[in-house]
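Data first, discussion second: the structure below is written as C-alpha cells.
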Amino acid sequence: MQVMNIKKFSFTYHGVEHPSLRDITLPIKKNKITALIGPSGCGKSTLLRSMNRIHDLYPGNKYDGKIELLNQVNGSMQNILDIKKENEFIELRQRVGMIFQKPTPFPMSTFDNVAYGLKISGLKNKTELADRVEQALKDGALWKEVHDR
Ligand SMILES: Nc1ncnc2c1ncn2[C@@H]1O[C@H](COP(=O)(O)OP(=O)(O)OP(=O)(O)O)[C@@H](O)[C@H]1O
Ligand SMILES: [Mg+2]
C-alpha cells in the first residue's frame, strides 16, 4: 500500500528561472524504507521539504503536479499541494515530520520546546503536559541533564 504518491511533481524556488525538480514521480510504500540517493545539489532536500510544505515558510516558491498523502482514517488520497489553511498545515506537519541533521530548537525553554507540539494540538492540562514532557525527556535520555533547568 502507498502512503504517499508523488505525481509529475515540479518545484521552482522563488526568483529562480528553472525548476530545481522536474516531473518527479515516486510512490512511497507503507512500512518500507525509501532512500533518496544522488549527488549534492540534485534536489533530495528540496523534495523532502516539499513533502510537508516546509518551503511555504518562505514566500514565492512554486509547486506543480501532485503530492498525494494517504488519509489513514478514510483511505482517501489528499493532494497536500492544495492545502491553504493554517490548521491544515499544522495537521500535515504532525503527520509528515522531519528530523534534521542539526537540531534547531526554538528560542524558548527546553520545557516549551518539548511541549510545543502538544500545546498546538490543544493539550492544556498543566499536570498532563508536565508528565508528558518528563516522559519524553526520559525516553530521549535527556532528563538527568535538563531536569533542574
Ligand atoms: N533556497 C533556495 N533558493 C534557490 N535555490 C535553492 C535553494 N535551496 C536549494 N536550491 C538549489 O536547488 C537545487 C537542489 O538543492 P538541494 O539542497 O535540494 O540538493 P540536495 O540533493 O539536498 O544536496 P545535498 O546532497 O548537498 O544535501 C540546487 O541547485 C540548489 O542550489
Ligand atoms: Mg540536502
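The first residue of the sequence shown is numbered 1, and numbering continues consecutively from there. We use all heavy atoms of the structure for the numbers below, so side chains are in, but hydrogens, waters and symmetry mates are not. Whatever order the structure lists ligands and atoms in, that order sets their numbers, starting from 1.
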Please check if the side chain of [X] supplies one atom and the backbone of [Y] the other of a donor-acceptor pair under 3.5 Å.
| X | Y | answer |
| --- | --- | --- |
| Arg53 | Ile83 | yes |
| Thr34 | Ile28 | no |
| Arg93 | Asn52 | yes |
| His55 | Asn61 | no |

>> Under 2.8 Å from the Mg ion (ligand 2), which protein N, O or S atoms do you find? Ignore water molecules.
In response: Ser45 OG

>> Is a donor from one side chain sitting under 3.5 angstrom from an acceptor on the other, for Asp131 and Gln135?
In response: no

> Taking any residue with a non-hydrogen atom under 4.0 angstrom from an atom of ligand 1, which ones do you get?
Replying inline: Tyr13, Val16, Ser20, Pro39, Ser40, Gly41, Cys42, Gly43, Lys44, Ser45, Thr46

> Between Lys66 and Phe9, what is the shortest heavy-atom contact and its length?
Replying inline: O-CB, 4.3 Å

>> Check the orientation of Phe11 and Tyr13. Use parallel for under 30°, tilted for 30 to 60°, and perpendicular for over 60°.
In response: perpendicular

> Hey, what do you get for OG (Ser109) to CG (Asp112), rounding to the nearest 0.5 Å?
Replying inline: 3.5 Å

>> Please determine whether residues Met51 and Met1 belong to a single hydrophobic cluster, defined as Ile, Leu, Val, Met, Phe, Trp and Tyr linked transitively by side-chain heavy-atom distances below 4.5 Å.
In response: yes

